[in-house]
Amino acid sequence: MAAPETLDALFLAHAAVLAATTERALAAAGADAVVIGAGFQRYRFLDDQPDPFVANPHFRAWAPILNAPGSFVVYVPGRRPLLLFHQPEDYWHKPPASPHGGWVEAFDLRVIRNPAEARAHVPAGAAYVGEPFSGCEEWRFGAVNPPALVDRLHWARGTKTPYELACLRQAARLGARAHRAAAGAFLAGASEYEIHLAYLEATGHCEAELPYPNIIALNEGAAVLHYTDLSRDQPAVRRSLLIDAGAQCRSYACDITRTHVAAGSPFADLVAGLDAAEQRLCAMVRPGRPYPEIHFEAHRLVAALLVEHGLVTCSADAAVETGVTRVFFPHGVGHLLGLQVHDVGGHQAAEDGGRAPPPADHPFLRLTRRLEPGMVVTIEPGIYFIDLLLDQARADGRGRHIDWDTVADLAPYGGVRIEDDVVALPDGPDNLTRAAFAGLGS
Ligand code: GLY
Ligand code: MN
Ligand code: MN
């Protein structure tokens with residue numbers, strides 16, 4: 001694992017890149033300064049119990065602290081960024097620890113005891129980026145989340161700095177280690193809930209620190225794309241496990257899916273076939289390539305597997321053309337990854353905004369941009385047996401191409417998804433996930 005000092009040293013260069021990007025974005029937006037709010041603690045309706053706090057990702061891009069409700073970053077081009085760190089005086093709760101570590105050197109740091117104290121540090125007319133908060137009209141911001149600024153920041157977040165890549169690499173290592181622990185728990189006979197606990201323990205995260213809720217599905221549960229039930233029951237038969245679970249380093253996420261099959265099952269061949277197809281798709285992650293090309297190639301590879309495994313009776317070309325592949329593979333092949341598991345800007349047309357929506361037949365494709373050096377994307381094809389979609393196919397005629405006996409044989413396994421996190425680099429793709437698993441040894 002990268003030492004904290006290594007990440008801190010990289011952070012200083014990251015902060016300089018962020019400052020330069022922000023300066024250009026401010027100039028385009030006609031603003032002289034920006035205030036980025038972390039956000040505030042939310043409480044449940046009619047209750048005094050807090051929801052987990054998740055800071056505004058733009059705040060986290062600047063300051064790698066998760067527990068910072070009521071804090072702000074103020075950036076005025078040409079000056080050191082100012083971190084207004086909210087540390088209340090409180091004897092009910094432990095106040096957040098003061099920021100520490102080499103990364104803090106990038107900032108002027110000031111501790112505030114009340115968020116309202118930040119107002120005195122807001123330059124006149126500064127733009128505000130963050131969730132609007134009660135009373136923010138009185139702070140006299142020049143604009144709140146102006147698109148000319150925010151679009152540019154979102155666009156820039158698509159490509160990662162060396163610091164961000166190091167964090168993502170570390171998150172992938174943590175995720176791989178936890179996936180290994182989860183696979184062991186599955187083989188030892190654990191329930192979904194127990195697999196979840198084994199996964200959490202191996203990450204060292206508490207649940208609120210995960211980048212997204214763990215998807216841990218035994219058997220038919222794998223047919224629910226985002227299955228998060230965590231059943232405590234031991235199924236009578238243990239056929240398969242689909243686990244889609246992440247981890248984070250300084251708030252940068254990994255997003256990894258593996259599908260495990262009990263020994264000797266016919267489903268294992270389909271899983272192996274999809275794994276090979278997934279690696280071919282990962283090899284396509286290169287600067288200059290429009291990401292939708294990878295999505296359409298995924299449909300061709302899924303079609304070939306459907307033919308090979310007897311799930312369809314038509315040709316692979318016909319399976320794609322008639323939309324049969326979308327019955328089995330109904331989501332996009334992946335998305336941008338970073339401070340958010342589904343990172344922002346995937347449908348943005350250009351640096352200065354505009355939308356590049358996905359094709360009408362592929363509404364769940366989350367990324368339509370052309371890949372650039374330093375972009376990090378997931379590659380996550382899947383094949384599932386989803387009753388709702390199979391019933392639709394029966395009703396709309398696509399069902400005539402489907403071999404229903406083979407579907408019935410494999411449906412008890414739910415489905416398979418394989419997901420890796422890959423960096424587009426000029427000299428070829430860097431698969432963070434495969435490298436992380438390889439680093440674990442056997
Ligand atoms: N874990 C959610 C996704 O793969 O997009
Ligand atoms: Mn994903
Ligand atoms: Mn995932």
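Start at 1 and go down the list; that is how both ligands and their atoms are numbered. Heavy-atom basis, side chains included; hydrogens, waters and symmetry copies ignored. Everything quoted here is computed from the prediction, not taken from an experiment.
With respect to the salt-bridge test (charged N to carboxylate O, under 4.0 angstrom), the residues D8 and R250 qualify. The residues R169 and E164 are annotated as not salt-bridged, no charged nitrogen and carboxylate oxygen being separated by less than 4.0 angstrom.
Y384 places no side-chain N or O within 3.5 Å of a backbone atom of A411 that could act as its donor or acceptor partner.
The shortest heavy-atom distance from R417 to ligand 1 is not under 4.0 Å.
Atoms of ligand 1 lying under 4.0 Å from at least one heavy atom of H335, given by number and element, are 3 (C), 4 (O), 5 (O). Atoms of ligand 1 lying under 4.0 Å from any heavy atom of D244, numbered from 1 in the order shown and given with element: 1 (N), 2 (C), 3 (C), 4 (O). Listed by number with element, the atoms of ligand 1 under 4.0 Å from a non-hydrogen atom of E419 are 4 (O).
No side-chain heavy atom of R369 sits under 4.5 Å from any side-chain heavy atom of Y291. Between F364 and V333, the closest side-chain pair of non-hydrogen atoms is not below 4.5 Å.
Of the protein's non-hydrogen atoms, E380 OE1, 2.9 Å is the one closest to atom 4 (O) of ligand 1. With hydrogens left out, the protein atom closest to atom 5 (O) of ligand 1 is H342 NE2, 2.7 Å, a heavy atom.
Angle OD2(D255) to the Mn ion (ligand 2) to OE2(E380), rounded to 10°: 160°.
Aromatic ring centres of H14 and F11 lie closer together than 6.0 Å.
The closest approach of E419 to the Mn ion (ligand 3), by N/O/S atoms, is made by OE1.
Sparse packing is recorded around CD of E131, with 12 or fewer heavy atoms of other residues, nucleotides or ligands lying under 6.0 Å away.
In summary, an N, O or S atom of H335 is located under 2.8 Å from the Mn ion (ligand 2).
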